[in-house]
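Reading through the structure tokens given below for one structure.
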Amino acid sequence: MAAGAQSAVVLCGPGNNGGDGFVIARMLHARGWQVAVFFYGDAARLPADAAEAYAAWQAVGPVHPLSQPEPDETQLCALADVVLPGPTGPIGGTMAAAPGRLVLIDALFGTGLTRPLVGLDLTLRLCQEARAPAAFVAVDVPSGLCADAGRVLTTPAGAALCLPADLTVSFHGRKPGHLLAEGPEICGKVVVADIGLPDDPAPQVRPVDAPRAADLDKAALRGAHKFAHGHAVVVSGGVGQGGASRLAARAALRIGAGLVTLACPPAALIENAARLDAIMLRSVRDAEALTQMLDDPRITALCIGPGLGLTRARPLVAAVLARGVPAVLDADALSVWVDEPAALFAALHPGCVLTPHLGEFARLFPDLADLLAAPASSGPAFSKLDAARAASRRAGCVVLLKGADTVIAAPDGQARIHSASGAQAAPWLATAGAGDVLAGLIAGLLARGKPPLEAASMAVWLHAASARAFGPGLTADDLSDALPGVLRALT
Ligand SMILES: NC(=O)C1=CN([C@@H]2O[C@H](COP(=O)(O)OP(=O)(O)OC[C@H]3O[C@@H](n4cnc5c(N)ncnc54)[C@H](O)[C@@H]3O)[C@@H](O)[C@H]2O)[C@@H](O)CC1
Ligand SMILES: Nc1ncnc2c1ncn2[C@@H]1O[C@H](COP(=O)(O)OP(=O)(O)O)[C@@H](O)[C@H]1O
């Protein structure tokens, strides 16, 4: 923030988030800012650190009370005096002379939000009316938003109060709520401040990072034969249904699998042959024939589901899983188990990656989908991260739950979050077939020997980066063509 005289209104809450607000007020005041501090809480019940910060601010300036559970009219008038434009009273008058726009600092609630905001409707509405000339900065997380789930907590009547921010300054690291659900939109730009806490060398949950070029470079296996880079098999559907599996197969080859074979029913052979060159084709009549085909030790990964159709899916999925090599299960390979998800879970093994979107997820994990769909009434709210982790434990393999926010979870609790928001936004991915390409990318990386969690994380990042590289007008076919440029730009 620019040095020199400017004005800020700091809303402090009853916990340590409020404590941070008092410290911020003192620091801005020390830099010559005009600062008005409002406190929603009971000073006698502040935690120790926050009480200390409160006392230190009191030595500098007044604290304007906002009583709990609902500020009264006089208190709201005092707030209106400083946040609303126009004629000003005693507090606002002293601030009106400050140049620059008003900065409104939201230090009401952070990670300790346990229930929806009630009684603060008018307070927040007043603040929001100041929006045009004001900048909103949230401390750690905008008040009303659950820092774990990225969901606004709602009252039983369905009221959801929150103070969206232009800038959220968080501490030490991003919280899941900055990345999930409504979080990215409500937090605005997120900046993480280092507060000197030691880094956890192996955090269980973290954002998906860009893959390193060295981890994807085929030259790492110097002079290697194509089989050294793995052989992926994509199991395809019948006549007229092959587009999805061709998209997946092409992506698997582009990401560097040494060979990719599409296994399709005899009747679909001609259709696929007319559409494929670098990808090999095998005619596979049924599950028995697939089992025979897979009896080749050089096959290192499988992908089944895109365009598979439901009629012959169960025995084919069973044949894929019985082979025991790493496998991606997507689309119909998931949906076909809607009546009997336990039968699928019993057959899965740790080398598998399930890639459901929310609809497919609900077919396999209806109880978790219900929890996710229920209103978030208390904090920490049930999140997409919780859902994916619980699903992964139940399935005994990696579960990748898709969306603009994608969560990848492993049975041991490890999880990665990819948020396609802000500079990473990839809205063009909301196009038919994008998921098939993702399944193929994961299969290609599994074929190359990447472990499931890593393969899925890398694929999600590369998928979104390819969409951004191509931009508007993207169709799923374009993703594989945009991938080489993305790979070249990796460091
Ligand atoms: N390592 C850390 O944990 C650090 C935490 N810090 C700050 O501390 C915050 C967490 O502090 P706290 O745990 O005290 O939590 P908060 O300050 O977020 O709020 C907790 C208080 O609010 C009350 N409360 C919760 N929901 C309410 C609602 N809807 N209406 C009214 N009252 C409600 C709780 O009963 C409790 O008294 C972080 O977000 C961050 O701002 C920072 O000081 C940096 C270090
Ligand atoms: N708005 C969006 N922003 C970023 N990624 C998105 C968005 N919408 C969808 N995606 C991604 O696009 C893919 C769509 O997959 P899916 O729902 O299976 O569609 P399809 O079955 O048509 O391929 C997923 O990887 C998902 O995460």
Side-chain angles (χ1 to χ4, degrees), residues 12-24 40-42 45-50 53 66 68-70 106-120 138-147 152-153 155 161-162 168-173 175 177 184 193-197 243-244 247-248 251 305-307 330-332 334-335 355-361 377-380 400-408 418-421 424-442 456 459-460 462-464 466-468 474-476 479:
C12 297
N16 287 315
N17 197 248
D20 290 345
F22 292 117
V23 173
I24 292 164
Y40 179 72
D42 175 358
R45 299 176 63 184
L46 277 169
D49 286 350
L66 295 171
Q68 287 179 309
E70 193 162 1
D106 166 14
L108 283 172
F109 303 104
T111 53
L113 187 79
T114 49
R115 47 194 193 275
L117 303 189
V118 287
L120 281 166
V139 178
D140 211 13
V141 65
S143 295
L145 186 75
C146 171
V152 178
L153 299 191
T155 65
L161 272 189
C162 184
T168 294
V169 180
S170 187
F171 310 114
H172 191 55
K175 280 131 193 133
D194 181 2
I195 53 170
L197 293 175
L247 284 169
D330 186 39
D332 296 338
L334 304 173
S335 298
T355 56
H357 56 52
L358 276 170
E360 290 152 356
F361 187 84
S377 54
S378 61
L400 182 157
L401 182 48
K402 292 187 277 201
D405 56 346
T406 293
V407 178
I408 307 145
H418 183 270
S419 174
S421 61
Q424 309 302 314
W428 311 285
L429 275 179
T431 181
D436 308 323
V437 175
L438 179 68
L441 290 174
I442 300 170
V460 165
L462 293 166
H463 187 240
S466 300
R468 285 195 302 279
L474 176 92
T475 67
L479 284 164

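Each ligand, and each atom within it, is numbered from 1 in the order the structure gives.
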Who gets closest to atom 13 (O) of ligand 1 by heavy atom: Gly18, Gly19, Gly112, Ser378? Gly112

Ignoring hydrogens, just give me the one of Thr111, Thr114, Asn17 whose non-hydrogen atom is nearest atom 41 (O) of ligand 1.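 Among Thr111, Thr114, Asn17, the closest heavy atom to atom 41 (O) of ligand 1 belongs to Asn17.
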
Applying side-chain contact (heavy atoms from CB on, under 4.5 Å) between Leu479 and each of Leu438, Leu474, Leu247, report the one that passes. Leu474

For [X], counting its heavy atoms only, list the atoms of ligand 1 lying under 4.0 Å from any of them.
{"X": "Pro116", "answer": "29 (N)"}
{"X": "Ile195", "answer": "44 (C), 45 (C)"}
{"X": "Gly110", "answer": "16 (P), 18 (O), 39 (O)"}
{"X": "Gly15", "answer": "14 (O), 17 (O)"}
{"X": "Asp20", "answer": "6 (N), 7 (C), 40 (C), 41 (O), 42 (C), 43 (O)"}

Are the side chain of [X] and the backbone of [Y] linked by a donor-acceptor contact shorter than 3.5 Å?
{"X": "His463", "Y": "Leu429", "value": "no"}
{"X": "Ser143", "Y": "Phe109", "value": "yes"}
{"X": "Asp106", "Y": "Leu108", "value": "yes"}
{"X": "Asn17", "Y": "Val139", "value": "yes"}

For the student: nearest non-hydrogen atoms of [X] and [Y], plus distance:
{"X": "Asp436", "Y": "Ala244", "result": "OD2-CB, 3.3 Å"}
{"X": "Pro116", "Y": "Ser377", "result": "CD-O, 3.1 Å"}
{"X": "Ala193", "Y": "Val169", "result": "CB-CG1, 4.1 Å"}

Give the residue and atom name of whichever protein heavy atom lies nearest to [atom], and the separation in Å to one decimal.
{"atom": "atom 27 (C) of ligand 1", "answer": "Phe109 CE2, 3.6 Å"}
{"atom": "atom 8 (O) of ligand 1", "answer": "Asn16 CB, 3.1 Å"}
{"atom": "atom 35 (O) of ligand 1", "answer": "Arg115 NH1, 3.8 Å"}
{"atom": "atom 38 (C) of ligand 1", "answer": "Asp140 OD2, 3.1 Å"}

Kindly state if [atom] has a protein heavy atom within a strict 4.0 Å cut-off, that is, under 4.0 Å?
{"atom": "atom 10 (C) of ligand 1", "value": "yes"}
{"atom": "atom 2 (C) of ligand 1", "value": "no"}
{"atom": "atom 5 (C) of ligand 1", "value": "no"}

Would you compute the distance between atom [atom1] of [X] and atom [atom2] of [Y] and round it to the nearest 0.5 angstrom?
{"X": "Leu401", "Y": "Glu360", "atom1": "CG", "atom2": "CD", "value": "10.0 Å"}
{"X": "His172", "Y": "Asp140", "atom1": "NE2", "atom2": "CG", "value": "11.5 Å"}
{"X": "Thr355", "Y": "Leu400", "atom1": "OG1", "atom2": "CG", "value": "6.5 Å"}

Heteroatom distance test (Leu108, ligand 1): nitrogen or oxygen, under 3.5 angstrom: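 N/O-N/O distance under 3.5 Å: no.
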
Evaluate Pro14 for polar contact with ligand 1, using N/O atom pairs at a separation under 3.5 Å. no

Go ahead and list the nitrogen or oxygen contacts between ligand 2 and the protein that come in under 3.5 Å, distances to 0.1 Å, or just say none.
| unit_1 | atom_1 | unit_2 | atom_2 | d |
| --- | --- | --- | --- | --- |
| ligand 2 | 3 (N) | Ala426 | O | 3.4 |
| ligand 2 | 12 (O) | Leu429 | O | 3.2 |
| ligand 2 | 15 (O) | Gly435 | N | 3.2 |
| ligand 2 | 18 (O) | Lys402 | NZ | 2.7 |
| ligand 2 | 22 (O) | Gly433 | N | 2.9 |
| ligand 2 | 23 (O) | Gly433 | N | 3.2 |
| ligand 2 | 23 (O) | Ala434 | N | 3.2 |
| ligand 2 | 23 (O) | Gly435 | N | 2.6 |
| ligand 2 | 23 (O) | Asp436 | N | 3.4 |
| ligand 2 | 27 (O) | Gly403 | N | 3.0 |
| ligand 2 | 27 (O) | Gly403 | O | 2.9 |

Residue pair Leu117 / Leu153, side-chain heavy-atom distance below 4.5 Å: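 No. Closest side-chain heavy atoms not under 4.5 Å.
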
Mind checking whether Thr168 and Pro142 have side chains closer than 4.5 Å, heavy atoms only?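 Touching, per the 4.5 Å side-chain cut-off.
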
Say whether Ser170 and Lys175, considering side chains only, have a donor N or O and an acceptor N or O under 3.5 Å apart. yes

